[in-house]
Amino acid sequence: MFHNIYQTVFNCLNSTTASLLHARQAHAHILKVGLFGERQLTTRLLSLYANNLCFTDVNLVLDSVYEPNLFSFSTLIHAFARLNYFDHVLRIFSQMLSRGLVPDGYVLPSAIKACTGLRALKAGQQVHGIASVSGLASDSIVKSSLVHMYIKCDKIQVAQTLFDSILDKDVVIWSAMVAGYSRLGHVHKAKELFLEMKDKGVEPNLVSWNGMIAGFLNCGLHPEGIMFFQMMHSEGFRPDGSTISSVLPGIGHLEDSVMGTQVHGYVIKQGLGLDKFVASALLDMYGKCARALDMSQVFDEVDQMEIGSCNAFLTGLSRNGLVDTALVVFRQFKAQGLELNVVTWTSMIASCSQNGKDLEALELFREMQTEGVEPNSITIPSLIPACGNIAALMHGKAIHCFSLRKGYFGDIYVGSALIDMYAKCGKIQLSRLCFDIMPTRNLVSWNAVMKGYAMHGKANEMIELFHMMQESNQKPDFITFTCILSACSQNGLTEEGWYYFNSMSKEHGIEPRVEHYACMVTLLSRVGKLEEAYSIIEKMPFEPDACIWGALLSSCRVHHNLTLGEIAAKKLFQLEPDNPGNYILMSNIYASKGMWGEVNRIRDVMKNMGLRKNPGYSWIQIGLEVHTLLAGDKSHPQMNQILEKLDKLNIEMKKFGYSPKTNSVLQDVEEQDKEQILCGHSEKLAVVLGLLNSSPGYPLQVIKNLRICDDCHAFIKLVSSFEGREISVRDTNRFHHFKDGVCSCGDYW
DNA sequence: CTAGGGTTAG
């Protein structure tokens, strides 16, 4: 009888088709007839429960088994390790130890594998200790597992020492070391090992090659990675999904769509397109190669519930200027119940903050948190620019605090983003503070803090920083010099400007780009050296762009230089026929010379080109003209003519509330009209305000309740140039107060 | 128990 039941239960559990149901039935039988002493049976039962992830049942059996032995525990540990339930492996392992059982060479590797999977260095070191005490640390399988564990826990040095002590190293452990160094960015060390294994007679296999390729691309050595890919191919290896998904980002980075298409063909031929890594890498590659259509075609064929592919697709759309489409698709994904992850949200936030959708970025950040998705160290620096762009200082500070709570104190990306954000919000001291307390800096951080000073026109601090930069052996790049030259230009530092401009190629091996020439042109023309500026334009090795001619033209207006103004304007009318600013500048020069016929001619040109549709236009133009008129001194030979013209304009001006006699701006204008005039034209408004402000006798004190919709930044630039002046501006949701070039921001919501 | 490699966000 007893034997019969035992045999029945055993057979039932041991069959290859044994299911959870069988286990439960057997469990009942075992309980009923008291077979718990039978280790073989209960171990088999444990194995079934473990493989079906019935954790409570496992515990139940463990607690009731008369005396589970090493084999019972081993069975469980292997089962959980195989299923990647590493936390359960460690839990069972520690139960085993607490029962006084000594692990053997079979159970240790699984325990170590669990530590590897969990990146649990401390636990791994403890298991290492146990292995040493039990005399198993020299076991080659245990040793190899430990090497893997130390590699994954970024302890490559410890791994290397252990690795060296292994006598007959197989291709697997070599490959793991190669991949380990690659992942940590030590690709040269990886290559050394790759060559060394060959010397030692171990032929690299597909995995070894894949590790090398991933390493090169991980280090930004895209051409080398692609070269290895080709070498591997020529040695007769067939790239697999892993190879492809490593090499495609490199191809995308080099924007080599021809090679990308070839690899795509290979993917189709080998049937690798269903691999989720390959699919998202393909989408990413087409996105980076500006092949949005091909990307969409690929997306139609992949698993659209796979979040990686969806993320790559969304990023690809934004990258190709289809941000609105990306947002729509994003909403569709969300509506379909797709589980959006931190990459999805971060990607959308970055797309918005990079494309002038700053409020949307902030809103997405809030939304992701309500959805329970935790932002990470990449989300934060993607969001911070959104605050800077709209000078939302309070939001910026809140996110700064958030990043500190998350422990991103020393993060170089977060730090650099904060420097930029505070500078854009007018808080140059805070910007500098963020820079000063950074534990490590890179070129981006240096450029960020210098850009802040450039924005605020602080040339002396800038030059001081540049010396600091050189002392700390950080090499400048072309952006650094754009900042320096721009600050020199704002401060009229001609000598310093020339010095740094010349030092670029002589001392730093950086050839000046068109923006550096533009800075020099701006600098010289601002200080009135218009001829010198023009000779730079003539001599520079580039075709001068609108930016350069624009700098010359606006200085010609300030210095009333008709000849050069006409030259610059002629070029600008060709380069930017739709930019009303150029016509206005030129007409102002004509106005200052009393050439009213020319002024009217330009007005007609603009009218014919439909450039006067802008509701703020008339007002702005009048403001500019009046400014020009008043900027001239009273002994201006054409003063009478000017005053006459002014009287005529007065009538029109009154309509817009501009009254020279009351020294006020927009005073008599109905609130509604102000909004109508200025809504969406904040940049032009900023220009007007700046000009009015610099007009003697027309102090701009406080402008209240102006509604600006999209560009607070223009105001910051503008206000930075004011000394001791205050302006308050309200946009859709915020209230900005500017004083001494500093913006503070209060929220209405 | 039988070891290794990959995609998408700044």
Side-chain angles (χ1 to χ4, degrees), chain A residues 47 71 73-82 89 103-114 116 140-149 151-152 169-180 182-183 204-215 217-218 239-249 252 272 275-285 287-288 302 306-316 318-319 340-351 353-354 368 375-385 408 411-414 416-417 444:
Chain A
S47 165
F71 188 67
F73 280 109
S74 281
T75 307
L76 283 173
I77 286 168
H78 294 319
F80 286 141
R82 194 174 52 81
V89 172
D104 61 8
Y106 288 111
V107 76
L108 276 178
S110 282
I112 299 168
K113 187 187 163 192
T116 312
S140 71
I141 294 180
V142 171
K143 230 185 228 176
S144 302
S145 314
L146 285 169
V147 171
H148 289 298
M149 189 273 294
I151 292 173
K152 281 286 155 73
K169 298 187 259 286
D170 63 357
V171 63
V172 173
I173 197 79
W174 278 104
S175 304
M177 285 300 289
V178 167
S182 286
R183 193 170 49 80
N205 66 7
L206 188 66
V207 179
S208 331
W209 281 94
N210 286 352
M212 281 310 301
I213 293 168
L217 296 163
N218 187 24
D240 66 355
S242 180
T243 329
I244 301 296
S245 51
S246 297
V247 82
L248 276 174
L272 295 168
D275 184 311
K276 65 173 181 176
F277 292 113
V278 171
S280 47
L282 266 177
L283 291 162
D284 176 62
M285 181 276 294
K288 284 182 181 150
V302 302
E306 210 295 295
I307 189 66
S309 304
C310 294
N311 289 343
F313 183 57
L314 287 174
T315 313
S318 307
R319 211 193 287 276
L340 309 174
N341 62 17
V342 62
V343 179
T344 329
W345 290 98
T346 305
S347 160
M348 292 318 297
I349 289 171
S351 308
S353 63
Q354 287 162 8
M368 86 180 272
N376 64 15
S377 69
I378 301 177
T379 318
I380 305 300
S382 309
L383 178 68
I384 294 174
Y408 303 141
D411 190 295
I412 200 154
Y413 289 99
V414 173
S416 303
V444 177

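In the text below, chain A, chain B and the rest are named by the order of the sequence lines, each starting its count at 1.
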* Touch class at under 4.0 angstrom, heavy-atom based, for D411(A) against every strand present -> base
* Asked: Base, sugar-phosphate, or nothing for T346(A), non-hydrogen atoms under 4.0 angstrom?
  -> base
* Asked: Under 4.0 angstrom, heavy atoms only, what part of the nucleic acid is I141(A) near: base, sugar-phosphate, or nothing?
  -> base
* Of all nucleotides in DNA chain B with an atom under 4.0 Å from a non-hydrogen atom of chain A, which is the first and which the last going 5' to 3'? -> dC1(B) to dG10(B)
* To do: Verify the neighbour count for atom NZ of K169(A): are there more than 12 heavy atoms of other residues, nucleotides or ligands below 6.0 Å?
  => yes
* Which is true for V107(A) with a 4.0 Å heavy-atom rule: it touches a base, it touches only sugar-phosphate, or it touches nothing? -> nothing
* Asked: Are N311(A) and S280(A) close enough, and set up right, to give a side-chain contact (heavy atoms from CB on, under 4.5 Å), and what steps lead you there?
  -> CA-CA 8 Å; N311(A) 289 343; S280(A) 47; over 6 Å; no
* To do: Please check if any side-chain donor atom of S382(A) sits under 3.5 Å from a side-chain acceptor atom of T346(A), or the reverse.
  => no
* Asked: For L206(A), which contact category applies under a 4.0 Å heavy-atom criterion: base, sugar-phosphate, or nothing?
  -> base
* **Touch class at under 4.0 angstrom, heavy-atom based, for R319(A) against every strand present** => sugar-phosphate
* Just call it for K152(A): base, sugar-phosphate, or nothing, with non-hydrogen atoms closer than 4.0 Å on any strand. => sugar-phosphate
* Heavy-atom pair of closest approach, residues I173(A) and S144(A) -> CD1-O, 3.7 Å
* Checking all strands, does N376(A) fall into the base, sugar-phosphate, or nothing category for heavy-atom contacts under 4.0 angstrom? -> base
* Asked: Across the strands shown, which category fits T344(A) at heavy-atom distances under 4.0 angstrom: base, sugar-phosphate, nothing?
  -> nothing
* Name the nucleic acid region contacted by G211(A), choosing base, sugar-phosphate or nothing; use a 4.0 angstrom heavy-atom cut-off, strictly under. => nothing
* Could you check whether S246(A) gets within reach of a base, just the sugar-phosphate, or nothing at all, counting any heavy atom under 4.0 Å? => sugar-phosphate
* Side-chain touch Y408(A)/N376(A), heavy atoms, less than 4.5 angstrom -> yes
* To do: Give one of base, sugar-phosphate or nothing for P249(A), where a contact means two heavy atoms less than 4.0 Å apart.
  => sugar-phosphate
* Can you check whether T379(A) reaches M368(A) side chain to side chain, under 4.5 Å on heavy atoms? -> yes
* Side-chain (S245(A)) to main-chain (S242(A)) donor-acceptor, under 3.5 angstrom -> yes
